[in-house]
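Letters A, B, ... are given to chains in the order of the sequence lines, protein chains preceding strands, and every chain is numbered from 1.
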Amino acid sequence: MMQPGLYHILIISAALFFIGVFGFFTRRNLITMLMSIELILNSVNLNFIAFNKYVWPHKMDGLFFSLFVIAIAAAEAAVAIAIIINLYRSHQSIDVEDAGEMKY
Amino acid sequence: MNLLLLLGIPLLTAVLVLMSRNQQQVKWVSFAGASVQLILSLALYYYFQKASASGATGMLFQQTYSWFPTWGINFHVGVDGIALAMILLTAFVVLAGVLVSWNVEKMTKEFYFLLILLSFGAYGFFISLDLFILFFFLEIAVIPKYLLIGIWGSGKKEYSANKLALMLMGGSALVLVGLLGVYFSGEERTFDLIKLSQLHLSPLTQKICFPLLFIGFGVFTALFPFHTWVPDGHSSAPTAGSMFLAGISMKLGGYGCLRVATFMMPDAAHQYAPYIIVLSSIAILYGAFATMMQKDLKYINAYSSISHCGFVLLGIGMLTKTALTGAVMQMVSHGLMTALFFAVIGMVYQRTHTRQVNEMGGLMKSMPFITTILFIVGLCSLGLPGLSGFVAEMTVFMGAWQNPGMFYRIATIAACMSIVVTAVYILRAIGKTAMGPIKEEFKNLPDASWNEKLAAGVLLAGILAIGLAPFWLNDLITPGTEIIINKLTGK
Amino acid sequence: MEGSTIIFYLLALLTVVSGILAVTATNILRAAISLLFALIGIAGIYFWLDYQFIAAVQIVVYVGGIVVLIIFSIFLTQSAGEKMPSQKLGRTVFSALAAFCGFALVLIQLFQHNFPISKDLTLTPKVADIGTQMLGVKEEGYALPFELVSMLLLAALIGCIVIAMRSKPQTT
Amino acid sequence: MTTDLLILMKQELVVTFIIFILLFIKIGKGIKNETLLPLIQLLLLTNFVIGFFFNKEGILFGGMYNTTALMVFQKNILSLATYLISLLCVGWLKKSDHLAEFFLLMLSALLGMFFMISAGNLLMFYLSLELATIPIAAIANFDLEKRRSSEAAMKMILSSAFSSGILLFGISLLYGATGTIDFVALPALLNGSPLQLFAFIFLFAAFAFKLSIVPFHLYTADVYEGAPIAVTSFLSVVSKGAIAFIFITALYKVFRPMEEVWYNMLVILSVATMLVGNLFALRQQQFKRFLAFSSIAQVGFILVGISSGAPEGLSAVVYFVLIYVFSNLAAFGVAELISNQTGKETIDDYKGMYATNPFLSWVLAIALFSLAGIPPTAGFFGKLFLITAGASKASYWFIIIAALNMMISLFYYLKVVRAVFMDKSEQPIEKINIPASAKLALLLCGAGIVLLGILSWVYDYIVSLVK
Amino acid sequence: MMNPVYIALIPLLPLAGFLMLGLFGRKFFKETSGIIATLLLLTAFGLSVYVAYDYFTHANGGVYPKTIAFQYTWLRFTDTLSIDMGALIDPISVMMLLVVTFVSLMVHIYSLAYVKGEERFATYYAYLMLFTFSMLGLVLSSNLFQIYIFWELVGLSSFLLIGFYYNKPSAVAACKKAFIVTRFADLGFLIGILILSFYSGTLDFATLINTLTTPESAAMKNAVTASFLGVSAISWGMALVFIGGAGKSAMFPLHIWLPDAMEGPTPVSALIHAATMVVAGVFLVARLFPVFALTTPAVLEIVGWVGAFSAIFAAMIACTQTDIKRVLAYSTMSQIGFMLFALGVSKYGGENGLGFTASMFHLFTHAMFKALLFLGAGAVIHYVHSNEMKDMGGLRKLLPITHITFLIACLAIAGVPPFAGFFSKEEILLAAFNGNKTIYYVALLTSGLTAFYMFRLYFNIFWSKEPATQHDKHHGEGGFAMMMPLVLLAIGAAAAGFIPFGNFVSSDGAKLESHFHLAFSAAPVLIGLSGILLAFVMYKKQSNKATNLANSLGGIYKTVYHKFYIDELYLFITKKILFNLIGRPAAWFDKNVVDGLVNATGNATTMISAKIKGMQSGRVQQYAAYFFAGVFGLVLIFLYIWK
């Protein structure tokens, strides 16, 4: 095995990203879909940090980016959960399949 | 003379119509507006003649205002004899249209507003010398037609209105693409018709843009096989709507084919002439034969319009001076004639509540005036001397025959054959409606009222003025066609 | 193999496996806990990279905040403990395939690209620098984004309050 | 610095100021909607008016924020649209229990858009994009007791979160490949390597999502349908406008080295967008949903303009958006009035409306004609300039398809016109009582639709801004 | 030279009458319109006489000049081609002026009584005036296109007059038929004009004839060398022009409209369908005679054959018809056949032009006696209220003046000396004898048939049986207005033969001596007399000889009686072929294919729209999947395929 480096982290992050995507596609529970989103965002953060560390270490753009992404993720999650809760109240369910009233 | 007046009067009329308080006011305002416009057009003719007499040629009374300088769009207007002829036609038809609509009860204000708006578009179109504003006015005229048919029409009006609007918009879409092609092909980005006509557009541009423009405009003027909006549209429209459609709107296309497509792209015009001729010959004969089978008066006139408008395109396709002159004359003649025809059909329908020829008969007895007009207009349609149709058709034939070559000859002969078929269907229609034994329920129908008489008189005056003394129209148009033909022959 | 390498692989394993569990577990609470571990694993990687500040933030915000929020919401929507309805097999397979293809494509792209890996891997951000830069208004200053995020958080807060604290009774 | 800050960021500051006023009002005792609403309208008007004064170009925060006259104008268009929405939707707003919060969120989104337009790097762009999205997702749910409202909000927040993920992934790769997130520095570092292209496509997709380009558009209709009309109109006008502005800026300024790629992408996607938008719009009965698809088709036309890659394209897009604001808001305004007072939202319900509501019918008709691009409405000029700009690259087929799509779109716009003017109905919509402010807004929209095209100096002004 | 105003006035007076009566007749001149019209026409006739006198007394070196009295441009096509309205004065046009105005005057006077009490009295006269105007314009035409214009107008007035009883379906059908059939022929005329104008470069008669008869002119060379289907362009042109003439002149096979045209008022038949309009074809051929004779003799030969065939064909049919007007109609057709084959056998210039003179002469005399026959028939019909022979008989005592004048006319047409018809027919036969023997024998046979059917008619009307009692005794013969024209025409029919016609009209304008040989005349006169005798035997008394004969001829008689089934053939062509095979398919094609395509486009759009609705499934995960697919689709396209 090699010394872990940039590519190792990139592989992890890519894996996380597509795990998230997979989860987003297959999970029927809204909250778990939200969790998949969090995985995606984290994989991005990992990307940023890795690039910042290994490729562009002189500036902290990547670091800051991931900081802000975390903050945004929090806000997004909060709003999403609020919406989901509201949805639950009106639909008595948080299954995404049950919220398909509008189509075609 | 200031050409903007031609736009100002309809606009003012439209505003006044909107401000009118009751039906009566609406009608009189429109009537006054249309009359003033007719007088204005005649005055324009007078000034035009005066200017021509003093040696002015080409586009007269030109005015240019910068509009969208970034795109090189100018509000550039001007008239030559061809445009003037079309303006006169429009003025006549509009006045008559306003008059025959006198007893529209439903949403009168809106009805007249749309009529005036439609005429506004037509006037603008005919005086435009900038392709952009030409297109602008071309499209202005579409929606009023849609609404006129859809709201005040009869029969399967919604279907017809839709079909008409869509096909016309499709046509103008092609026109748009063609115009843009022309616009971008020159070294200078300009929509100016005169400037563009002086450039020599590249062969490729011509090859691509000419069919786009010609078919696009052709849709408006019932080019086979893009004519199917005509029968449905005309038959569903209210009387004035049909008059405007056939009398003015179809002419927009013919004028566009001539002024825009042919004038700007002479090489392509030569190249595509055979196709145009084939299509127009088909339209002429096929339209005539299809008319023969129609039983509804409006359908008869609509299909015959296809046939007659075929002459316009045939004339353009023949690319000789006489034929082009004939095409313009045919536009004017057909405009007047078909408008009158529709007006008469409207009058008959209003009284008998049917348009089926088989259900009528002997109407000459109860309404001599209306049937006489029907006779005259029918005779005009079948090209009887003394009426405008004859003059125009003969000029087209004569001009078409100037083009040697067996192909052109055969096409001309084919087109000539339509005069027989036309006679068949016109006489059949007249024979079944005006002649024969009269039905009991039609015996006491009233004859034309004053407004109808006036409307018919206005149009009839135009028809006779051309039919009896064609030289003035010929003299008016020929300098215009001369310029086009010089461009075509590369002089 | 060095210790740090082993640690890295352990962290990587933790992250990926808990990530997979988080999206496949049939029990929602278990999924949430798996997510928690995945996030912790990522924080571990940050630590491993010597990015302590961001690692701390990760733990505070994600582990302490978001996951807790999620778990609360699970309880609120009364779906804890239930087995979640499983997805159609066809779609699962399709999604897995799509995800895998995407993964492969991304990796191909990443490996094809030659990243100019820096010689100097010892440079690590200091918390103080982060602080000054975060509030700096000049070049390299992040005061404006900071304010922006604060506006966003405010808005999100208000939004959450309005939506979640619905006062009117249920009508439908 | 401070004066610079005050002047250059005046629009953002004013919006922030309003947000805080609203916050204090909310925290404080609370004011009745009847008094609060005019106040808000007044504040929004102020916001709009201020956009015309003290204009200056400049850069702040080390390049994170920059502003030009064109950007000020773009922001002003958005301000105007927001103001109009506040006038149009009074019926719904007055009934709302959360008026202050509603505007607070909406203005936050507006603030986000302002920052987005002025963004100087990808971080600012991303943050403001989120600021422009998340609050809207929240207010999409403001019809709290309606199932569809929450469904819409859910779809919006999840879809946009997913798209954010894609966007961020793209940004991270771009960052990895170039080492910068700065808009000024980026173009020089773009060399068209596959990874950059790959990253660019991810970015592009995120833009496409926000702009509802096919096939990234699918959330649009559902969200439009479910959200309150005020939100829908905000989404379809303000949000779309802002994204269009930043999209075109990004393509023209930042990703200029990739022009060949994005030109082709735009061609493919705009054809798809126009076609799919039109085909779906054809079959819609629900008016808001109908407008959603029609606005997708409109976006297709915007793409045609963008594809020109020339300053003409930029000016045409700005001009079009300005016209689109008036046209679409007029249509939404009418829909709002009707929906709010009668609860009717389908096109069938509009049958025979002309008999009872001539004013609304005419406004609706003019708006639809403008959307369809019929002269003399301004929409004609807007659309024509877009197509003209797009045609400068002389791809005849592309332009023919675009032009023919105008025809298809006319078909469904006419469907509504037909229902309003021609069809008869047993129970037409009763006479709608139009509040004064809504009437004013509708008149403004109508005037805008009619005059914007004919008065060519508006367009000239935009051109002068674009330079 | 005479004042052109006089010449212009001749057609313009009727025109003025038409306008006045047409526009205001119903209101203001309901009673007086007949008088006004007659007076106007009287003036026109006077002017014609004056013009004729003036013209024929001013021969220039023995040759009557062709002069253009006036001309002005009506419509200019190109620098050389223009339609000019003018008056060309030469012997035949002057002669035609006289014929037209005279017969028309007679008819006007006659109609005063005949049409009296008709509701549309004024309209009737307006139509008559219109016809007279058009006919005069036609004969005066100086321009090929001018003649076409008036040609059409003549057709129109014929249409109007045939359909005068517009509420009678048969009249409506007849007028339509007349118009359409002649229109069909006019199509040929029109194309002929196009061809001639193109090659000669002019429409002016004088120039045109000049150009096309000068073999060395460039135009001529072009016209002769250019060919289509192996026939030279000029021949096509002339043949097509002749088709126009044949249509108007009711030559086989375009004759079918003429018998039906008898649905019109009888005076109208006398004017239009006997004396004037139907000879327009002859006039046209005569007008272009130099071109026919000098440049396209082959076409002229066709003219001759068509004329000869039509003559005998019509004569045979005339023998079987029972409607007296139809008999007269077929006789007209037969006589016009005579005129045409006379032209056909003629050559240009001098003695060879005998046929031309003979034709014109016959035209002249025929106008007299045929008008007389029709007007007489009109008087009979007026009296018995029927057109059928079976309703008549023994009328000689009841209608004495009619009887005498009718007899004179019959004798004239039968070619019994010294009546007018004898002289003109003799000349024709002589010309035919010199020109074409076959035609001569046909002509001889036809004269016999002519005499037979005319006297069959005569005996059936005036002898045969005693008058039925239901006849309105005190109805009388119709008074002075009706009798005077009969008498005047009878004088003409009796005496016109003695006019030295050759002195005035010839193919080249020079005088031509008359050729009267007693020996040559013997054969035709004998044949004519035997025809009369046969008729006398068969029809003097009511008997079943005729029926027996008819029965013995069986199928042949039936075929002839049914006019050789030509009408049925036409009906078949129009109904089955034109309507069913062209019109209906065209309409169907338009409705289903062209329109169908348009609708199909619409339907297809809707269908596609319905098909792809599944894309918008309402499931947010699927939306994301599309998003994902979009991203990777773009990646694939732009990273792999496009490169």
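Across all their heavy atoms, E:A280 and E:M135 have their closest contact at CB-CE, 4.3 Å. Smallest separation of non-hydrogen atoms from E:T202 and E:D204: OG1-N, 3.0 Å.
Heavy atoms of E:I149 lying under 4.5 Å from chain B belong to its backbone as well as its side chain. Heavy atoms closer than 4.5 Å to chain E are found in the side chain of B:Y303, but not in its backbone. Looking at B:D232, only its side chain comes within 4.5 Å of chain E, counting heavy atoms on both sides. Heavy-atom distances place no part of E:Y165 under 4.5 Å from chain B, backbone and side chain included. Neither the backbone nor the side chain of E:L240 comes within less than 4.5 Å of any heavy atom in chain B. Proximity to chain E (any heavy atom under 4.5 Å) is shown, for B:A323, by neither the backbone nor the side chain. Heavy-atom distances place no part of E:S170 under 4.5 Å from chain B, backbone and side chain included. Of the atoms belonging to B:T395, heavy atoms from both backbone and side chain fall under 4.5 Å from chain E.
Contact tally against chain E (heavy-atom pairs below 4.5 Å) for B:T372, B:L382, B:T291: the top residue is B:L382. Counting heavy-atom pairs closer than 4.5 Å to chain B, the top residue among E:I582, E:D590, E:V172 is E:D590. The choice from B:Q294, B:M293, B:Q402 that makes the most heavy-atom pairs within less than 4.5 Å of chain E is B:M293. Put simply, of E:L194, E:L153, E:L81, E:L156, the one with the most heavy-atom pairs under 4.5 Å next to chain B is E:L194. If you tally non-hydrogen atom pairs under 4.5 Å between each of E:L597, E:I193, E:V594 and chain B, the highest count goes to E:V594. Counting heavy-atom pairs closer than 4.5 Å to chain E, the top residue among B:K321, B:K432, B:M364 is B:M364. Chosen from B:W229, B:F224, B:F471, the residue pairing most often with chain E at heavy-atom distances under 4.5 Å is B:F471.
Contact annotation for residues 158-167 of chain B against chain E (heavy-atom separation below 4.5 Å, listed by residue number): B:Y159, B:K163, B:M167. The interface of residues 282-290 of chain B with chain E, defined by heavy-atom distances below 4.5 Å, comprises B:Y286, B:F289, B:A290. For residues 138-147 of chain E, the interface with chain B (any heavy-atom pair closer than 4.5 Å) comprises E:F145, sorted by residue number.
Side chains of E:Y127 and E:S157 form no contact here, defined as non-hydrogen atoms less than 4.5 Å apart. Between E:L136 and E:P14 the shortest side-chain heavy-atom distance falls below 4.5 Å. Annotation: side chain of E:W151 is not in contact with side chain of E:M277 (no heavy-atom distance under 4.5 Å).
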Next on the checklist: Under the criterion side-chain contact (heavy atoms from CB on, under 4.5 Å), I'd like the reasoning laid out for B:M398 against E:L203: C-alpha separation, chi angles, the key distance, then a yes or no.
Outcome noted: CA-CA 11 Å; B:M398 215 56 174; E:L203 285 165; 3.6 Å; yes

Item to check | Audit row: E:K248, E:W257, side-chain contact (heavy atoms from CB on, under 4.5 Å) steps and yes/no | outcome: CA-CA 9 Å; E:K248 254 314 169 259; E:W257 63 272; 5.6 Å; no

Next on the checklist: Test side chain to side chain donor-acceptor pair (under 3.5 Å) on E:S82 and E:D84; report intermediate values, then the result.
Outcome noted: CA-CA 6 Å; E:S82 61; E:D84 302 325; 3.1 Å; yes

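Using a 30° and 60° split on the angle between ring planes, E:W74 and B:F390 fall in the tilted class, from 30° to 60°.
At most 12 non-hydrogen atoms from other residues, nucleotides or ligands lie less than 6.0 angstrom from CZ of E:F184. Open room surrounds CG on E:D79; 12 or fewer heavy atoms of other groups in view lie less than 6.0 Å from it. With a 6.0 Å radius and a threshold of 12 heavy atoms from other residues, nucleotides or ligands, E:K591 has its NZ atom at or below the threshold. No more than 12 heavy-atom neighbours from other residues, nucleotides or ligands sit within 6.0 angstrom of NZ on B:K365.
To the nearest 0.5 Å, atom CG of residue B:L379 and atom CG of residue B:L387 are 6.5 Å apart. The structure places CD1 of E:I195 at 9.0 Å from CD1 of E:I234, a figure rounded to the nearest 0.5 Å.
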Check residues 407-422 of chain B and write down every donor-acceptor pair under 3.5 Å in which the side-chain atom is one partner and the other belongs to a residue at least two apart or another chain.
residue : atom : partner : partner atom : Å
B:R409  : NH2  : B:W401  : O            : 3.0
B:T412  : OG1  : B:Y408  : O            : 2.6
B:S418  : OG   : B:A415  : O            : 2.8
B:T422  : OG1  : B:S418  : O            : 2.5

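Counting only N and O atoms by type, the side chains of B:S304 and B:S307 include no donor and acceptor under 3.5 Å apart. The closest side-chain donor-acceptor pair between B:T325 and B:T481 falls under 3.5 angstrom.
A cation-pi arrangement is absent between E:K176 and E:F159, since the terminal nitrogen or guanidinium carbon is not both under 6.0 Å from the aromatic centre and inside a 45° cone about the axis.
A centroid separation of 6.0 Å or more is found between the aromatic rings of E:F131 and E:F18.
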